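The chains referred to below are lettered A, B, ... by the order of the sequence lines, with proteins before strands, and numbering in each begins at 1. Just so it is clear, the structure is predicted and the values come from calculations on it, not from any experiment.
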Amino acid sequence: MEKIFKNMSLLSASIVLVILIGIFFTLFLSSKQAMDEFGLSFVTNPAWQTEVALNPKEAKNVVVDEYSLFPDEEPTKTIYGGLVPIVGTILSTLIALVFALPIAMGIAVFLAEIAPKNVSHVVGIAIELLAAIPSIIFGMWGLFYFAPIIQKIVGGYQVSLLTAGLVLGIMILPFMAAITRDSMKTTPDILKESAYALGATKFEVIKDVIFPYSKVGIIGSIILALGRALGETMAVAFLIGSVFELPKAINSPTISIPVALANNFGEATGLGASSLFYLAFLLFLISFIVISIAKFYFLKKVKK
Amino acid sequence: MKKVLLFTALALGTTFASAADIKGSGASFPYSVYQSWIKAYHSATQTQVDYVKKGSSSGIKDIKARAVDFAGSDAPLNPNQLEKAKLYQFPAVVGAVVISYNVPNAKDLKISREALAEIALGKVKYWDNELIKKTNPNVDLPHKKLTFVHRADGSGTTFNFTYYLSKISKEWRKSFGAKKSLNWPGDHHIGGKTNTGVAALVKQTPYSIGYIDYADAKNNNLHMAVVENKEGHYIKPELKAFQAAAAKADLDPKKDFYSVIADPAGKNAYPIVAATFILLPKEKAQTNKEVTAFYNYSFKNSAKLATELGFVPLPDSLTDKIRKYWSEKGVM
């Protein structure tokens, strides 16, 4: 029995690793064509799906299809670059974090330390329910009600980097708030009581006792929220404007990697599809790097 | 417990498998029409047809993999592609793409071919641009920034609209051509996801203009522009103008009906029209007959349903050609 149990748990644990490696290789192989074609300059090229004239040598080898829609045209080739969605993903995630972090901390402190028990209970449930709302609903709410308000306040377009970032912030709030509250609650009462006994105020206890004690949990909550924000598709697709253009200001439209994938995958073929896989591969790497840094660097620092 | 689970799983599996007699997937543009045809066909014959809207390319992928019995595509395949994938093709219904806009107090705005191309190219930056003013002398057009709204996701609607742009503008044809998704030029445009997204953006963004299928524009009460056609007439987007355009469509059974019909001749024809197509796998004789029976029934008995949804049923001369094509290929 003991042995079966051990083997089964080992199996479950290794499945995660196998899946992770499987995804990595699938993405890598499917994006190979685009990698060979564009190389690393894909990452710095802001032009997505742009027609360029073939050089004379290439043009000679092109056979014109007898059924071509526009047979008199000179043949062109399409180039793809990923800079715009990469920048869009990083910026929208940053906006979401900057917006959500202080609010989430405020909520967590309120729930864990300040609110009376019954209030804390009700608000806590509300926060958890917020996490259960499907992202499509955030997207539609954002498009129909939130975007017009944002435009009235800051001008520019209704759908923009800012609108997408703020709604993304609201979406990741509950994760950060709930996990932070739970880790704050693990602070032993004896620590807090001794601080109060020494004459510390509530603010000082929160700042100097509870925050340092629950740092690991807080950083963990940020990492989880970050992962969610980087990959969020549905809500952002409605709100970011979906244009392959570097944002000139915070209130101008742009696009993120998940949105580019969701919008274009259905109709993509050949090199276009491979370029989308390349983008997916890059998103995989970005998430991996960001979360690894957070995990290994910050958590190590805190534990010291 | 396990047995119960297994049993339910099996029961569910079999009900799902037998739910549809014929399965199709693909283009979302004609989805509402197919949906009402399927309903009518089911109540008449008890045959269950299932059509999933996934976009034209997904439909093509599905039928090439033989995952469905038929596929819908807004962009036709040419005879070479059909030969390679061993498919038959025929048109099913004609729809229209309209130019909707959001300018207060401007009804029936007239948009010339030149203006439309320049707007799509991102060159018309303000509403009081000469190109728009010229054709609308009686409309008070403000000096407001123009926002162009387009589809963000790949779609047959975009393919048909950009095909039309390629027909009317050399510059567009050179730099973009006809595509299901593209990187739109200019710096004052936004993308909406699906037709619903485009409709919402046009509705909520003052001084915007965008292309959308007729049914969605009508359902959302959007203003629709009067568009200049090939012969220089300004045509209001309405059913009889779409019908005039469909009548001119040159769809040749010898080429498996391969043709994009936008920008037809005819002085009453609305220019931005599109036929949507059905693909059949050559080797599946039995299911093909079931599919053609469904479309044959719909052509004959459900034409009115299409009209109610803002689409144009195929003219009789064309459905006769399609029936002949079916019987020649032995799928009827």
>> Let's go through B:Gln89 and B:Gln81 carefully: what are the C-alpha distance in whole Å and the side-chain angles of both, what is the deciding distance for side chain to side chain contact (heavy atoms under 4.5 Å, CB included) to 0.1 Å, and is it a yes or a no?
In response: CA-CA 11 Å; B:Gln89 174 175 269; B:Gln81 294 168 317; over 6 Å; no

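- Counting heavy-atom pairs closer than 4.5 Å to chain A, the top-ranked of the candidates B:Lys179, B:His150, B:Lys255 is B:Lys179.
- Nearest heavy-atom pair across B:Trp172 and B:Ala120 is CZ3-O, 3.7 Å.
- Ranked by heavy-atom pairs under 4.5 Å with chain A, the list B:Arg151, B:Lys174, B:Lys54, B:His189 is led by B:His189.
- Only the side chain of B:Lys61 comes within less than 4.5 Å of a heavy atom of chain A; its backbone N, CA, C and O stay farther away.
- For chain B, no part of A:Ala260 is nearby; none of its heavy atoms comes within less than 4.5 Å.
- Contact of B:His188 with chain A is made through backbone and side chain together, with heavy-atom distances under 4.5 Å.
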>> Run the side chain to side chain contact (heavy atoms under 4.5 Å, CB included) test on A:Glu245 and B:Trp184 for me, step by step, so that the C-alpha distance in whole Å, both residues' side-chain angles and the decisive distance to 0.1 Å come before the verdict.
In response: CA-CA 9 Å; A:Glu245 223 173 276; B:Trp184 290 85; over 6 Å; no

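- Heavy atoms of A:Phe265 lying under 4.5 Å from chain B belong exclusively to its backbone.
- Taking the six-membered ring wherever Trp is involved, the centroid distance between the rings of A:Phe277 and A:Phe28 does not fall below 6.0 Å.
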> Would B:Asp263 and B:Arg113 satisfy salt bridge (Lys or Arg N to Asp or Glu O under 4.0 Å), going step by step from the backbone distance to the final call?
Replying inline: CA-CA 11 Å; B:Asp263 205 26; B:Arg113 294 158 83 81; 2.9 Å; yes

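- Side-chain polar atoms of A:Thr44 and A:Ser41 form no donor-acceptor pair below 3.5 angstrom.
- Interface check for chain A: of the options B:Ala75, B:Gly59, B:Pro79, the most heavy-atom pairs under 4.5 Å are formed by B:Pro79.
- Only the backbone of B:Ser155 comes within contact range of chain A, judged by heavy atoms closer than 4.5 Å.
- Contacts of A:Tyr157 with chain B are made by side-chain atoms alone, with heavy-atom separations under 4.5 Å and no backbone atom involved.
- A side-chain donor from one of B:Tyr325 and B:Asp256 sits under 3.5 Å from a side-chain acceptor of the other.
- Of the two parts of B:Ser58, the backbone and the side chain both hold a non-hydrogen atom closer than 4.5 Å to a non-hydrogen atom of chain A.
- Contact annotation for B:Ile60: neither backbone nor side-chain heavy atoms come within less than 4.5 Å of a heavy atom of chain A.
- In terms of heavy-atom pairs under 4.5 Å with chain A, the best-connected choice from B:Thr205, B:Asp187, B:Val260 is B:Asp187.
- Between A:Phe42 and A:Glu37 there is no side-chain heavy-atom pair separated by less than 4.5 Å.
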